[in-house]
Participant: 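Before I ask anything, let me first share the structure, which is written out below as structure tokens.
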Amino acid sequence: MKVLSVVGARPQLVKLAPIAAAFAGTPHDHVIVHTGQHYDADLSDVFFSGLNIPDPDVHLGVGSGSHGVQTGAVLAAMDKVLEQERPDWVLVYGDTNSTLAGALSAVKLHYRVAHLEAGLRSFNRRMPEEHNRVMTDHAADLLLAPTEEAMRHLASEGLASRSVLVGDVMVDVCLRIRDAVLAGEHPLPELPEGIDPEAPYLVSTLHRAENTDDPERLAGLLDSLAELPVPVALLAHPRLNARAESYGLKLSRGNLHVGRPLPYAGLVAAVLRSAGVVTDSGGLQKEAFLLGRACTTLRPETEWVETLEDRWNQLVPDPRSLDRDAWTETATRPAPDSERGEPYGDGQAARRVVQVLADQN
Ligand code: UD1
């Protein structure tokens, strides 16, 4: 069997790591196509080297652009790749523009598509990720769902017969790296200037278009983080830097300390050492949950609803609508002491993905 993985953005590289490892040592052929959606070393190269992912076989080099330009560039470039490689399966990951373009290019040329992380829904039609995941699910032949909740969404959209619950591959990678960090294999990375690793701090990221692309909203979020009584380490995505610069907003202010994005093991080490997480990232919400830290999510909804149990994760659509005490209590609350169970699976999802692809080949 030949499987062609299409990846392009940072969270897809994290998910690719356990899949590539699961293919290694099998007789199957696994081809990696990097679209080039993310090209900064901090968002791409360090994930290949840090997570021992083989170098991409093909690099499309599409780079940044508007949704249409970026999606279209991947679509146009994929025809030649698919005709050369002739895979049995095209495997697409998550909900980025690279996901949708990879799925669409394969469907058009009659290659079978499997969607990893199928069935997630925010029901927010303003989010580019929601368009991408809904359209990818309906185009794909095989839907590899991470959770029971995702399976329910797929069933309610008439897609049950194509859906298989495999668990979440992010558990595979997160727990493996957590264990390596706890075993002392990955030292705590350099944190932003002003953060004392020996004292309590919060880890924060902000990159969703709905938070970064409105200057007033972004300024309000930055001020809210800056006024917290605990120092906040903001690991700034290039999108955040680019938008802040174009609005003339300075990211560092008050108790908000800005640094670069971290490699995966560095992030896990930083979260494990932290007092909690404040983010709009889907992946980081789950990593906080898996690593046992309270998370505050700066969005009106989450696709990972299981994290909301017992307040492991709390949604704050707009911190400015809370009074200062309520905002501080929320963002700095300690982790609950409740059991979390295994809503995202047992850390063997990638092995199951390879098996399901082979069985249905
Ligand atoms: C993309 C995904 C988002 C995912 C995120 C993870 C879409 C629609 N969005 O968002 O779902 O959560 O990746 O990080 O696919 N830029 C750089 N260097 C890079 C990449 C981006 O400077 O290597 C800057 C550019 O200014 C670019 C902007 O970030 O215009 C946005 O990049 P883009 O790939 O369009 O989306 P992300 O915000 O990264």
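In each ligand, atom 1 is the first atom listed, and ligand 1 is the first ligand listed. Scope of the values below: all heavy atoms of this structure, side chains included, with no hydrogens, waters or symmetry mates. Quick note: residue numbers are just sequence positions, from 1.
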Participant: Just wondering, more than 12 heavy atoms not from Glu185 lying within 6.0 Å of its CD?
Facilitator: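 It does: Glu185 CD has more than 12 such atoms within range.
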Participant: Pick whichever of Arg243, Glu245, Glu129, Arg208 has a heavy atom sitting closest to atom 3 (C) of ligand 1.
Facilitator: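 When every heavy atom of Arg243, Glu245, Glu129, Arg208 is considered, Glu129 comes closest to atom 3 (C) of ligand 1.
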Participant: Counting only nitrogen or oxygen atoms and a 3.5 angstrom limit, does His38 reach ligand 1?
Facilitator: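 So ligand 1 has an N or O lying under 3.5 Å from an N or O of His38.
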Participant: Starting from atom 22 (O) of ligand 1, what is the nearest protein heavy atom, named by residue and atom, and what distance separates them?
Facilitator: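 Going atom by atom, the protein heavy atom closest to atom 22 (O) of ligand 1 ends up being Pro238 CB, 3.2 Å.
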Participant: Checking Arg217 side chain against Asp214 main chain: does a donor-acceptor pair fall under 3.5 Å?
Facilitator: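 Between the backbone of Asp214 and the side chain of Arg217 there is no qualifying donor-acceptor contact (under 3.5 Å).
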Participant: Verify ring-ring contact (aromatic ring centres under 6.0 Å, His included) between His34 and Phe48, making sure each step is shown before the conclusion.
Facilitator: CA-CA 11 Å; His34 192 317; Phe48 280 90; 5.8 Å; yes
Participant: Within the distance-only criterion (no hydrogens, no angle test), does the side chain of Arg133 pair as donor or acceptor with the backbone N or O of Gly94 below 3.5 angstrom?
Facilitator: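 No; judged by distance alone, with no hydrogens or angles, the pair does not exist.
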Participant: Identify, for atom 21 (C) of ligand 1, the protein heavy atom at the shortest distance, and state residue, atom and that distance.
Facilitator: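 Of every protein heavy atom, Ser64 OG, 3.9 Å lies nearest to atom 21 (C) of ligand 1.
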Participant: Identify the closest protein heavy atom to atom 6 (C) of ligand 1: which residue and atom is it, and at what distance?
Facilitator: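 For this ligand atom, the closest protein heavy atom is Pro11 CD, 3.4 Å.
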Participant: Given Asp40, Asp280, Asn97, which has its nearest heavy atom closest to atom 18 (N) of ligand 1?
Facilitator: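 Looking at heavy atoms only, the winner is Asp40.
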Participant: Would you mind checking which non-hydrogen protein atom is closest to atom 16 (N) of ligand 1, with the distance to 0.1 Å?
Facilitator: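 Protein heavy atom with the smallest distance to atom 16 (N) of ligand 1: Tyr39 OH, 3.6 Å.
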Participant: Holding to salt bridge (charged side-chain N to carboxylate O under 4.0 Å, His left out), I want the full list of residues that pass it with Glu301, two or more places apart in sequence or in another chain.
Facilitator: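 Glu301 satisfies salt bridge (charged side-chain N to carboxylate O under 4.0 Å, His left out) with Arg299 once adjacent residues are dropped.
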Participant: Check whether any side-chain heavy atom of Pro231 sits under 4.5 Å from a side-chain heavy atom of Asn255, and report yes or no.
Facilitator: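 Side chain of Pro231 against side chain of Asn255, heavy atoms only: contact under 4.5 Å found.
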Participant: What residue and heavy atom of the protein are closest to atom 26 (O) of ligand 1, and at what distance?
Facilitator: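 Result: Ala242 CB, 3.9 Å.
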Participant: Which ligand 1 atoms does Gln70 reach within 4.0 Å, using its non-hydrogen atoms?
Facilitator: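 Checking each atom against Gln70, I get 34 (O), 35 (O).
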Participant: Got a sec, which residues hit salt bridge (charged side-chain N to carboxylate O under 4.0 Å, His left out) with Asp223, two or more places apart in sequence or on another chain?
Facilitator: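 If we apply the salt bridge (charged side-chain N to carboxylate O under 4.0 Å, His left out) test to Asp223, skipping adjacent residues, the hits are Arg253.
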Participant: Within a reach of under 6.0 Å around CZ of Arg333, are more than 12 heavy atoms found that belong to other residues, nucleotides or ligands?
Facilitator: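 Counting neighbours around CZ of Arg333, more than 12 heavy atoms of other residues, nucleotides or ligands fall under 6.0 Å, so yes.
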Participant: Closer than 4.0 Å to some heavy atom of His237 - which atoms of ligand 1 meet that?
Facilitator: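 Ligand 1 atoms under the 4.0 Å threshold to His237: 14 (O), 37 (P), 38 (O), 39 (O).
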Participant: Write out the residue and atom name of the closest protein heavy atom to atom 32 (O) of ligand 1, then the distance separating them to 0.1 Å.
Facilitator: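 I find the closest protein heavy atom is Arg239 NH1, 4.3 Å.
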Participant: Below 4.0 angstrom from a heavy atom of His67, which ligand 1 atoms are there? Numbered from 1 as shown, please.
Facilitator: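 Listed by number with element: 8 (C).
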Participant: Could you tell me whether some N/O pair between Asn132 and ligand 1 is separated by less than 3.5 angstrom?
Facilitator: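 In this structure, Asn132 places no N or O atom under 3.5 Å from an N or O of ligand 1.
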Participant: Would Glu129 and Arg208 pass as an ion pair if we require N to O under 4.0 Å?
Facilitator: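 Salt bridge flag = yes for Arg208 with Glu129.
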Participant: Identify, for atom 1 (C) of ligand 1, the protein heavy atom at the shortest distance, and state residue, atom and that distance.
Facilitator: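 The closest one turns out to be Gln37 NE2, 3.7 Å.
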Participant: Tell me: protein heavy atom nearest atom 4 (C) of ligand 1, and distance?
Facilitator: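 For this ligand atom, the closest protein heavy atom is His207 NE2, 3.8 Å.
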Participant: Taking the side chain as C-beta and beyond, is there a heavy-atom pair between Lys108 and Leu82 under 4.5 Å?
Facilitator: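 The answer is no; the side chains never approach within 4.5 Å.
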